[in-house]
Protein chains: 2
Amino acid sequence: MAHTLEEIAKLAGVSRSTVSRVINDHPNVRPEVRERVWQVIREVGYQPHAAARSLATNRTQVLGLIIPQAVTTLFTDPFFPHLIQGMAEACNAHRYHLMLSLFTGRTDQESLYRRVLRSGTLDGVVVASTTLDDPLIPRLLQEKLPFVSVGRHREAAVSYVDVDNVAGARQAVEHLLRQGHRRIATVTGPLAMMAGRDRLEGYRQALEARGVPVDDALIAEGDFTEEGGRMAMQRLLPHRPTAVFVASDTMAVGAMKAIKEAGLRIPEDVAVVGFDDLPVASIVEPALTTVRQPIERLGATAVEVLIGLIEQQAEAPQHIILPTQLVIRASCGALSGSRGLE
Amino acid sequence: MAHTLEEIAKLAGVSRSTVSRVINDHPNVRPEVRERVWQVIREVGYQPHAAARSLATNRTQVLGLIIPQAVTTLFTDPFFPHLIQGMAEACNAHRYHLMLSLFTGRTDQESLYRRVLRSGTLDGVVVASTTLDDPLIPRLLQEKLPFVSVGRHREAAVSYVDVDNVAGARQAVEHLLRQGHRRIATVTGPLAMMAGRDRLEGYRQALEARGVPVDDALIAEGDFTEEGGRMAMQRLLPHRPTAVFVASDTMAVGAMKAIKEAGLRIPEDVAVVGFDDLPVASIVEPALTTVRQPIERLGATAVEVLIGLIEQQAEAPQHIILPTQLVIRASCGALSGSRGLE
DNA sequence: GGCGGTTTTGGGAGCGCTCCCAAAATCGCC
DNA sequence: GGCGATTTTGGGAGCGCTCCCAAAACCGCC
């Protein structure tokens, strides 16, 4: 049975303003009054009405996660549950709620953007998985709603949290080079996305730093799905790479399938390195050498930056890059079952 | 720049009541007035303020998903992202928002329950993954907040949506029996959960229907994690089963690891059947024969039942059981790579 | 006790919407 | 045109909270 603040005031023998001051931790309430009010609150199990608070304060304590792409192609990527886990924990720790907004197609997008961004429902949003031409970020800038992008963004005004995709990819390719490989292919992420581009850039940098010429025939674009990885690998195999850096673990699973279907062995005929260190990396056979990105920490950091933007009204955009780490397994450079870090 | 309903009324030359009647599709507005108001709304990009509507109507258009267990042990199970995907799409289709409430431990649980259930934030909740002794469902009944359980529940007053765990498990074990197996083990889910119990019941029923005695030494309880599955399988192997029904794909991955670590072959030495048909079922080697449960449809159905409870004020609890389907792969009864349905 | 300064308290009003009921307008019939 | 019935419209008030400012209370000093 819901109680109102006025009822608590009556039960405690004070005014509604005093009750408000108590629950919002304002000064200028005598300690014995404060304690009396808290006692009534505890006995009654009073919980303030969220909408009333929101209408009065213009704050909701709710953060949104917006994933603009079609859920059938992206949300089944295990990256997102881990991101959400990190975000949910950070929200809980700061007494915020997390609301999911997943878009299922372009047809309803404008209507859903308007509903989500303009109804006063959210204090701010975390945006994940935008393409470079997605209208969402200009829209958010226009609405003046605080937001943080998960993934690097070109606009200086955009706060973002990302991992060091360039350095991570470079590390992966350097590992292949140290293993003696010179004919190294890559399955990129979508080049319409910044992560896709950055991981390709790391691949290039590693080759060029060792004076290995970059061969466009050894570059095939994937779409971050397992099937896309398999098809991209099929396009690369006629060019006889001895190794491949695949820009996500999910695509690496597909690439490994293509290699095996061609009757080739991993790592003897084609060594494979992925990117993410999803749980599937240790389930496939041979277990996948990959670049670990701290996905949960990415989500948690995005939430913390966003809360900072909301509560401090900070003007300066923040750019945070988290480190990656190479995890060596059997697909390249380790004995079966071992778990080496570099 | 947010506009108020009063501003729209001024611009359209009508009262606030007329604007309210227009946006809420009430009768008794002249068509030309209605069109004039919509034109102003479109030009201005007006979106009603959610908190104000909520305060006036006692409705939020927000549904919660509550997963009471610690996220570090359950949310990484791929069952949940698929459930969420189905829910999110159903919410979008009905113009509701989906809010996630993940609990990170028992210490903050009471506080978070109170905040989530008593602040007027949610119109209703979907509850997933409760144990039989979890206080959440009695709490929800007490609060009178509409809710739907994902997973069968013993209380007749509880609406739920589930798959036919008993029949699915029976189907899996019947498949093993048809393959000639008689020494069939099982890794159960947690027996504190209804799904854990129902899948064990299906295992029992299939054996008893063929006059095969149930041997308790061939039953080991797991906890729905990969590691739990591996350890349960290690306990079963000394009893020399020729086949095993594992109550989830995630645990089956662990069981397969234990079998291989013991130097045994799948399916020649030990045949394996899982439950879920998660994506990992076709990634492991050999690919896993498993019982497919329509997880997305489970989520979508739960949302639809819940919206029905909220909007129709239905008094009668609903119990919906979705069918399962056996998917035959190489871990038991199929040639490598084929995808047979039965 | 009186005074000035500071702390504490209470009540009005506003946040942006919905609903109710009385007033105004319209309609159809005679 | 008048009448009764029906439709349309507008303004007050309420939803539950926060904030502001005036009033009341308290404190310390002379």
Side-chain angles (χ1 to χ4, degrees), chain A residues 1-38 40-41 44-62 95 114-115 117-123 311, chain B residues 1-38 40-41 44-62 95 114-115 117-123 311:
Chain A
M1 212 48 342
H3 291 263
T4 66
L5 185 133
E6 292 267 9
E7 286 163 359
I8 301 302
K10 262 201 182 68
L11 290 169
V14 296
S15 77
R16 59 183 175 271
S17 296
T18 300
V19 175
S20 185
R21 275 187 282 262
V22 169
I23 64 178
N24 292 299
D25 208 30
H26 282 199
N28 295 337
V29 181
R30 287 190 295 157
E32 60 267 23
V33 172
R34 196 180 289 270
E35 179 53 39
R36 195 165 78 236
V37 172
W38 275 121
V40 170
I41 287 170
V44 167
Y46 169 70
Q47 181 67 34
H49 193 273
R53 290 173 70 87
S54 172
L55 191 53
T57 64
N58 210 25
R59 282 278 182 84
T60 60
Q61 306 297 127
V62 179
R95 305 183 74 85
R114 191 169 59 246
R115 266 200 311 138
L117 301 188
R118 293 195 136 217
S119 58
T121 302
L122 305 174
D123 288 343
E311 298 191 348
Chain B
M1 215 39 0
H3 291 264
T4 65
L5 184 133
E6 292 266 10
E7 284 165 359
I8 301 302
K10 260 199 186 60
L11 290 169
V14 295
S15 76
R16 57 183 177 275
S17 295
T18 300
V19 176
S20 184
R21 276 187 280 262
V22 169
I23 63 179
N24 292 298
D25 208 31
H26 282 200
N28 297 337
V29 182
R30 285 190 296 160
E32 60 269 18
V33 172
R34 197 179 290 268
E35 180 52 40
R36 195 165 76 237
V37 173
W38 276 120
V40 169
I41 286 167
V44 167
Y46 169 71
Q47 181 69 33
H49 194 274
R53 291 173 69 88
S54 171
L55 190 54
T57 64
N58 212 25
R59 281 280 180 80
T60 60
Q61 305 299 124
V62 180
R95 306 184 73 86
R114 190 171 58 246
R115 265 201 310 139
L117 302 188
R118 293 194 136 217
S119 59
T121 302
L122 305 174
D123 288 343
E311 298 190 347

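Quick note on labels: first sequence line is chain A, next is B, and so on, each numbered from 1.
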Nearest heavy atoms of [X] and [Y], plus distance in Å:
X: A:Tyr46; Y: B:Arg118; answer: N-NH1, 4.3 Å
X: B:Val19; Y: B:Ala9; answer: CG2-CA, 3.6 Å
X: A:Leu55; Y: B:Ala52; answer: CD1-CB, 3.9 Å

### Qualifying residues under salt bridge (Lys or Arg N to Asp or Glu O under 4.0 Å), relative to A:Arg95, sequence neighbours excluded
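If we apply the salt bridge (Lys or Arg N to Asp or Glu O under 4.0 Å) test to A:Arg95, skipping adjacent residues, there are no hits.
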### Residues forming a salt bridge (Lys or Arg N to Asp or Glu O under 4.0 Å) with B:Arg34, sequence neighbours excluded
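Expected list: B:Asp25.
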#### Entry: Of A:Gln47 and B:Val29, the one whose closest DNA chain D nucleotide lies more 5'
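Per heavy-atom nearest nucleotide, the more 5' residue is B:Val29.
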Could you state the atom-to-atom distance from [atom1] of [X] to [atom2] of [N] in whole Å?
X: B:Gln61; N: C:dC17; atom1: CD; atom2: C1'; answer: 14 Å
X: A:His49; N: C:dC17; atom1: NE2; atom2: C1'; answer: 13 Å
X: B:Leu55; N: D:dC15; atom1: CG; atom2: C1'; answer: 4 Å
X: A:Arg59; N: C:dC15; atom1: CZ; atom2: C1'; answer: 15 Å
X: B:Asn58; N: D:dC15; atom1: CG; atom2: C1'; answer: 9 Å
X: B:Ile8; N: C:dG16; atom1: CD1; atom2: C1'; answer: 12 Å

### Task
Could you note down all residue pairs passing salt bridge (Lys or Arg N to Asp or Glu O under 4.0 Å) where residues 5-15 of chain A supplies at least one of them, sequence neighbours left out?
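Every pair satisfying salt bridge (Lys or Arg N to Asp or Glu O under 4.0 Å) with a residue in residues 5-15 of chain A: A:Glu6-A:Arg16.
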## Note on the structure
In B/S/- notation (B base, S sugar-phosphate only, - none; protein heavy atoms under 4.0 Å), nucleotides 18-27 of chain C written 5' to 3' is BBB-------
### Main-chain N/O of B:Ser54 paired to B:Thr60 side chain as donor or acceptor, under 3.5 Å
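Checked: no pair found.
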### Task
Look at the side-chain N and O atoms of A:Thr4 and state whether any lies under 4.0 Å from the OP1 or OP2 oxygen of D:dG16.
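No, outside the criterion.
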### Query
So does A:Tyr46 get a side-chain nitrogen or oxygen closer than 4.0 Å to the phosphate oxygens (OP1/OP2) of D:dC17?
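True: A:Tyr46 side-chain N/O within range (under 4.0 Å) of D:dC17 OP1/OP2.
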### Query
Can you check side chain to side chain contact (heavy atoms under 4.5 Å, CB included) on B:Gln61 and A:Thr121, steps first, answer last?
CA-CA 11 Å; B:Gln61 305 299 124; A:Thr121 302; over 6 Å; no
### Message
Angle between the end axes of the helix from C:dG1-D:dC30 to C:dC30-D:dG1, five pairs per end, to the nearest 10 degrees?
### Response
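If I round to tens, the end axes sit 40° apart.
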### Query
Residues in side-chain contact (heavy atoms from CB on, under 4.5 Å) with A:Asn58, at least two apart?
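With sequence neighbours excluded, A:Asn58 shows a side-chain contact (heavy atoms from CB on, under 4.5 Å) to B:His49, given in chain and number order.
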